[in-house]
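This report concerns only the one structure given below.
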Amino acid sequence: MTVDKTSIEKPHNFIQQIIEKDLAEGRVAKVVTRFPPEPNGYLHIGHAKAICVNFGLAQAYGGVCNLRFDDTNPEAESEDYVNAIIEDVRWLGFEWDGEIRYASDYFAQLYTWAQYLIGEGKAYICELTPQQTREYRGTLTEAGKNSPFRERPAEESLALLEQMRDGEIAEGKMTLRAKVDMASPNINLRDPVLYRVKRIAHHRVGDGWNIYPSYDFAHGQEDAIEGVSHSICTLEFADHRPLYDWFTANLPVPSTPHQYEFGRLNLSYTVTSKRKLKQLVDEKQVEAWDDPRMPTLSGLRRRGVSAQAVREFCESLAVAKTDGVVDMAQLDHFIRHDLNDNAPRAMCVLHPLKVTVSNWPEGEVETLTASCHPNRDDLGSRELSFTRTLYIDRNDFSEDSSLSRKKFKRLVLGEWVRLRGGYVLKAEEVIRDGSGEISEILASIVPNTVGENPPEGIKPRGVIHWVSAEQSIDCEVRLYDRLFSDANPDSGDKNFLDAINPDSLEVLKGCKAEASLATAQIEQAYQFEREGYFCLDKDSEDGKFIFNRTISLRDNWQSKV
RNA sequence: UGGGGCGUGGCCAAGCGGUUAAGGCAACGGGUUUUGAUCCCGUCAUUCGGAGGUUCGAGUCCUCCCGCCCCAGCCA
C-alpha cells in the first residue's frame with residue numbers, strides 16, 4: 001500500500017480515519033472511490049471539492065477512483081454535458097481508473113435485479129397516480145398508508161414491468177416500488193420508486209428503454225458492481241443511506257459498498273447549484289456556462305484560474321459534516337498565490353493617456369530589457385520599446401501637486417515618477433482638448449536613469465506602468481467582478497436573481513498593451529503590473545486581442561492612508 | 001409536532017478528558033521593495049450555542065434547552 005505523504009501530514013478527516021480503520025482491520029483490501037456526476041449541467045467549484053476528495057483519497061491510499069456518469073434521467077441529460085464534464089475533470093488533473101463508466105451500462109443488470117426483488121415479494125408495480133402517491137406517502141409527522149397494489153402477485157408485477165419497459169404503459173401510469181415501510185419516520189423508506197416510465201430516448205443507449213431507474217435504485221448497485229469501497233457523497237443523501245443499505249442487503253450484489261457523507265462546499269457571493277447556474281445561462285444573465293463570472297470549472301478556466309489554484313483551494317477545505325459558507329476571499333487567495341508565483345509580468349495601460357517626451361528625439365527607439373518575474377529568472381525577460389510618445393494610465397496622473405507623496409505615489413505636474421523598467425519621468429505641461437479634458441502630457445525624462453537612481457534632488461513619487469504608443473497593441477479588456485452583490489444570494493427565501501451585481505462586467509476598449517503580449521495564448525496567465533492578473537479570452541481573433549481580468553492585485557493602500 | 005445532521009474568533013477549521021484553545025483566510029500595525037503587489041515580522045478566543053451535572057481535571061463525557069441545515073420528485 002502506498003500512502004501519499006502530503007495528505008498524511010494534515011490532520012486526518014473522519015473519512016480518512018474510517019478508511020485507515022477499514023484497511024487496518026482488513027474489511028477493505030483496496031480503496032475504490034468514484035466521482036459520479038449527472039450529466040445535466042456543467043461542473044462547478046463544489047464539484048471540484050468532491051473530485052479532489054474522491055480522487056485524492058484513492059491516491060493517498062493507493063487505490064483507484066472511477067469516473068461514472070449517473071445518467072438515469074435522460075430528460076435532463078445530454079452528451080454535451082458528458083463531454084464538458086470529461087474535459088473539466090481532465091483539466092483539473094485527475095485520472096480515472098479504466099474506462100469511463102455510465103449508470104446506463106448497468107441498465108440490464110438493474111432490470112434483472114428489479115425482477116429479483118419482485119420475485120422476493122419486495123417490490124411491486126403500483127398504479128397510484130403521482131398525486132395519489134404523494135397523498136399515500138403521508139407527511140413529516142404522519143405515517144403513510146400502504147398502496148392498494150402493494151400485495152399484488154409477483155407474476156402480475158413481473159408482467160406489468162415488462163409492459164412498462166416495452167413502452168406499452170403511458171408515463172405516470174405505473175411505477176415499480178420497493179416494499180419497505182410506509183410508516184417509517186424516514187420518508188425515503190416509504191416504498192420508494194425504483195422505476196418510472198419515461199418514453200424518451202436516452203442520449204447514450206438510444207430508445208431501447210421506456211423505463212429508467214431512480215437514483216436510489218441505481219446508485220448503490222452501481223457502486224456494488226464497480227467494487228466501490230467508500231461511496232462518498234454530500235450530506236443531503238444521509239437520509240438515503242438506509243435505503244442504500246437496504247438494496248445491497250436485499251439484492252445479490254457482488255460487493256457491499258458503504259456510503260459516507262460530508263458537507264458540500266458553499267461559497268459566498270455565488271451559487272453552487274447546477275439548477276441555479278443553468279437558470280443564469282438560460283435566462284441570459286451570463287453569456288454561457290463558461291462565462292468568466294460563473295463558478296463553473298470552465299468559467300474559472302476561461303477567466304484564467306489554474307487547475308492548481310482550484311486544487312489547492314480544495315485541499316484547504318475541511319472534509320467534515322458541517323455545512324458552512326466559505327468566504328470567496330479564500331478562493332481569491334489561492335488564485336493570487338498561484339498567479340503571483342507563476343504568471344509572467346507585462347504592462348498594459350487600461351485607460352490610456354498620451355505622454356510626449358519632449359527631450360526624446362522623434363523616431364528614436366531604445367530597446368529596454370525587462371525581467372518577466374521579479375523573483376523567477378527562469379521565466380526570462382522581454383523587450384520594451386521606449387519612444388517619444390508613450391501611454392500611461394489616466395489614473396496615474398494628477399495636476400494637483402498638493403497631494404501628499406504618501407497619498408499619491410504617481411505622476412504629478414512638476415514632479416517625477418519612475419516608469420517601470422525605464423526612465424524617471426517629469427511631467428511638465430498639460431494639454432487639453434476642446435472640452436477641457438486632458439488629452440496629453442508633455443514630459444521629459446531624466447537621462448541615464450534606466451536601472452539607475454536619479455541624481456540628488458530628484459525624488460520620484462513612485463513607479464507607474466507605461467507602454468510605447470508606437471510599439472504596442474490595441475486590446476479590449478474585460479474586468480469581471482463578483483456575480484452577486486449579496487454574500488449569501490441563496491439563503492433564506494431570497495430569490496438569488498435579485499442579488500445579481502449589475503456591474504459584474506466592465507468592458508474597456510482601446511487599451512494599450514506592450515508588444516510582447518501579441519504572442520499571448522488563450523488562457524495563459526499574465527500579471528499586468530499594478531493592475532492584476534489577466535489572460536487572453538477565446539473570443540480573441542487574429543489582430544483582435546481580448547483580455548479577461550482573472551483577479552485584481554491585492555490592494556490595501558486606500559485603507560492605510 | 002416525525003426523522004437525519006450540525007453548532008469552537010468576522011469566515012473556514014484542528015482539537016478524539018490532562019501543557020498558556022493549532023493552522024489558513026480576512027482585518028489591523030510595522031519592515032523590505034523600480035508592481036500602493038509579493039515577501040518578512042507582529043497583533044487578533046480568560047474561552048468553545050446555553051444551563052446544569054460527572055470528574056482531581058471537560059471544548060472534549062452525561063442531561064435538558066436553544067439555534068441552523070436537509071427530507072413529504074415518478075430529480076440527483
Side-chain angles (χ1 to χ4, degrees), chain A residues 10-11 13 17 36-38 40 70 72-73 75-77 126 128-130 133-135 137-144 171-177 184-190 192-198 211-212 214-216 218-219 233-242 261 263 268 274-275 316-318 320-334 336-337 340-341 345 347 370 373-375 406-410 417-422 424 449-453 460 462-465 487 491 527-532 552-561:
Chain A
K10 279 172 57 177
N13 64 54
Q17 294 182 20
E38 182 190 11
N40 65 344
D70 221 347
T72 58
N73 181 10
E75 224 157 343
E77 301 158 5
C126 179
L128 250 25
T129 64
T133 305
R134 203 175 312 128
E135 288 161 8
R137 186 153 36 222
T139 68
L140 295 178
T141 50
E142 302 163 69
E171 292 188 19
K173 285 280 185 236
M174 289 181 193
T175 55
L176 176 70
R177 296 228 258 161
S184 172
N186 181 345
I187 294 186
N188 296 295
L189 262 24
R190 322 244 258 231
V193 169
L194 272 37
Y195 269 101
R196 71 287 213 196
V197 177
K198 279 182 194 288
I211 56 174
Y212 294 95
S214 65
Y215 166 85
D216 285 313
H219 207 94
C233 62
T234 42
L235 255 27
E236 66 269 30
F237 291 100
D239 287 341
H240 293 248
R241 188 176 353 111
E261 312 87 21
S268 64
K274 263 196 272 185
R275 205 206 97 230
S316 81
L317 303 169
K321 291 198 178 232
T322 40
D323 66 333
V325 181
V326 174
D327 198 327
M328 182 68 94
Q330 192 160 331
L331 208 211
D332 290 347
H333 165 79
F334 285 96
R336 287 198 179 97
H337 179 79
N340 177 57
D341 283 356
R345 314 282 113 135
M347 290 194 282
H373 194 110
N375 33 39
K406 192 173 179 189
K407 197 163 186 168
F408 196 74
K409 301 166 73 165
R410 311 177 187 190
V417 281
R418 158 75 64 184
L419 293 176
R420 170 121 254 234
V424 169
T449 49
V450 175
E452 303 288 338
N453 285 130
V463 181
I464 65 171
H465 58 288
S491 71
Q527 183 194 104
F528 289 176
E529 290 190 279
R530 300 211 312 133
E531 291 289 357
S552 65
L553 249 33
R554 211 160 145 246
D555 184 3
N556 351 356
W557 66 274
Q558 292 179 63
S559 56
K560 285 189 178 177
V561 179

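Letters go in sequence order (proteins before strands), and every chain restarts at 1.
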Determine the contact category for A:V450: base if any of its heavy atoms lies under 4.0 Å from a base atom, sugar-phosphate if only primed atoms, P, OP1 or OP2 are that close, otherwise nothing. base
Close N/O contacts between protein and nucleotides 74-76 of chain B (under 3.5 Å):
{"unit_1": "B:C74", "atom_1": "OP1", "unit_2": "A:R137", "atom_2": "NH2", "d": "3.2"}
{"unit_1": "B:C74", "atom_1": "OP2", "unit_2": "A:R137", "atom_2": "NH1", "d": "3.0"}
{"unit_1": "B:C74", "atom_1": "N4", "unit_2": "A:L128", "atom_2": "O", "d": "2.9"}
{"unit_1": "B:C74", "atom_1": "N4", "unit_2": "A:P130", "atom_2": "N", "d": "3.4"}
{"unit_1": "B:C74", "atom_1": "N4", "unit_2": "A:G172", "atom_2": "O", "d": "2.8"}
{"unit_1": "B:C75", "atom_1": "OP2", "unit_2": "A:R196", "atom_2": "NE", "d": "3.0"}
{"unit_1": "B:C75", "atom_1": "OP2", "unit_2": "A:R196", "atom_2": "NH2", "d": "3.0"}
{"unit_1": "B:C75", "atom_1": "OP2", "unit_2": "A:K198", "atom_2": "NZ", "d": "3.1"}
{"unit_1": "B:C75", "atom_1": "O3'", "unit_2": "A:R196", "atom_2": "NH2", "d": "2.9"}
{"unit_1": "B:C75", "atom_1": "O2'", "unit_2": "A:N73", "atom_2": "ND2", "d": "3.1"}
{"unit_1": "B:A76", "atom_1": "OP1", "unit_2": "A:T72", "atom_2": "OG1", "d": "2.8"}
{"unit_1": "B:A76", "atom_1": "OP1", "unit_2": "A:R196", "atom_2": "NH1", "d": "3.3"}
{"unit_1": "B:A76", "atom_1": "OP1", "unit_2": "A:R196", "atom_2": "NH2", "d": "2.6"}
{"unit_1": "B:A76", "atom_1": "OP2", "unit_2": "A:Y215", "atom_2": "N", "d": "2.9"}
{"unit_1": "B:A76", "atom_1": "O3'", "unit_2": "A:D70", "atom_2": "OD2", "d": "3.2"}
{"unit_1": "B:A76", "atom_1": "N6", "unit_2": "A:H240", "atom_2": "NE2", "d": "3.1"}

Base of B:U38, side chain of A:R336 - is there a donor-acceptor contact under 3.5 Å? no
Sequence neighbours excluded, which residues qualify as side-chain hydrogen bond (donor to acceptor under 3.5 Å, both in side chains) partners of A:Q17? none
Writing each nucleotide of RNA chain B 5' to 3' as (, ), [, ], | or . by Watson-Crick or G-U pairing under 3.5 Å yields .(((((((.[[[..)..(....]]].(((((.......))))).....[[[[[..)....]]]]])))))).....
Within the structure shown, what part of the strands sits under 4.0 Å from A:G263 by heavy-atom distance: base, sugar-phosphate, or nothing? nothing
Polar side-chain contact A:R410-B:G36 base: donor and acceptor under 3.5 Å: yes
Who are the side chain to side chain contact (heavy atoms under 4.5 Å, CB included) partners of A:L553, not counting sequence neighbours? A:Q527, A:Y533
Which atoms of nucleotides 6-10 of chain B (N or O only) lie under 3.5 Å from a protein N or O atom, and what are those distances?
none

Which is it for B:G5, anti or syn, if anything within 90° of zero counts as syn? anti
Partners of A:R418 by side-chain hydrogen bond (donor to acceptor under 3.5 Å, both in side chains), sequence neighbours excluded? none
Under 4.0 Å between a side-chain N or O of A:H465 and OP1 or OP2 of B:U35? no
Establish, with yes or no, whether the OP1 or OP2 oxygen of B:U38 is under 4.0 angstrom from a side-chain nitrogen or oxygen of A:R554. yes
